[in-house]
Structure formats: structure tokens, C-alpha cells
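Everything below concerns the one structure shown next.
Just so it is clear, the structure is predicted and the values come from calculations on it, not from any experiment.
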Amino acid sequence: MYMTVEETADFLSMPLVQVKRYIAEKKIRAVFDGEQYVVNSAQFETHLEQVEELKRQIDEWRNTPIPEDIDVKDED
């Protein structure tokens, strides 16, 4: 599925200027169809999956309890 640059910016929750800069820098692949640039949305699937996995790992790390340290106990 192809999206316009504006739709891509909304999809990625990025400013339009940043998406245009990424296209110019070839960080986002786009095709000029004679009137405007269009972007294939399939190129973002892997990226979005990786972002979701990282979010899951961070949440798991945050919810891991801190083990009690042996040296903390008072032996008096």
C-alpha cells in the first residue's frame, strides 16, 4: 500500500518536514509518481515491530523487582 508524504507523517507521528528530510536523505524510500512522492508502508513493518518489542522489554525490565541485597541486613 502506498501513502502520500502527509499520510506517512501522520502514520509515523512525525512532522511533515522531518519526513521530507528523511526522503531527501534516502532514509525513507519514496517513489515519484509524476505528481507527488509516495511511500510504500511495508518498509515500516519491521521497524514498528522492533519498536514494540523494545517497549515490551523496557516494561518487563521496569517491572522486575530489585533483589534484596545480602549486605543490607543489619546484624547487630
Side-chain angles (χ1 to χ4, degrees):
M1 176 175 142
Y2 285 94
M3 301 183 293
T4 64
V5 176
E6 292 83 10
E7 292 171 342
T8 303
D10 289 339
F11 179 72
L12 297 175
S13 301
M14 290 182 169
L16 180 61
V17 176
Q18 186 175 9
V19 173
K20 287 181 179 180
R21 184 178 41 207
Y22 284 168
I23 290 172
E25 294 173 355
K26 306 224 186 268
K27 291 182 179 178
I28 294 177
R29 289 174 282 161
V31 178
F32 189 71
D33 70 354
E35 295 178 10
Q36 62 183 351
Y37 281 97
V38 291
V39 178
N40 188 346
S41 61
Q43 66 181 304
F44 303 114
E45 290 176 10
T46 304
H47 172 72
L48 294 174
E49 289 172 3
Q50 290 173 349
V51 168
E52 290 299 319
E53 176 63 20
L54 286 172
K55 285 181 183 178
R56 188 194 63 74
Q57 289 176 1
I58 289 171
D59 286 341
E60 182 180 317
W61 176 76
R62 285 184 179 159
N63 293 329
T64 303
I66 299 174
E68 189 173 323
D69 191 15
I70 297 171
D71 295 337
V72 174
K73 293 182 180 179
D74 188 19
E75 295 182 7
D76 288 340

Next item on the list: Would you mind listing the cluster partners of I58? Hydrophobic ones only (ILVMFWY), side-chain contacts under 4.5 Å, chaining allowed.
Entry: none
Item checked: Apart from Y37 itself, residues in the same hydrophobic cluster as defined by side-chain heavy atoms under 4.5 Å -> M1, M3, V5, F11, L12, M14, L16, V19, Y22, I23, I28, F32, V39, F44, L48
Item checked: Heavy-atom side-chain contact between E60 and Q57 under 4.5 Å -> no
Check: Which value, rounded to the nearest 0.5 Å, describes the distance between D59 atom CG and T64 atom OG1?
Finding: 10.5 Å
Next item on the list: To the nearest 0.5 Å, tell me how far T8 OG1 sits from Q18 CD.
Entry: 12.5 Å
Check: Got a sec, which pairs hit salt bridge (charged side-chain N to carboxylate O under 4.0 Å, His left out) with one end in residues 18-28, sequence neighbours left out?
Finding: E25-K27
Check: Between the side chain of Q43 and the main-chain N/O of R29, is any donor-acceptor distance below 3.5 Å?
Finding: yes
Checklist line | Greater than 12 external heavy atoms within 6.0 Å of R56's CZ | finding: yes
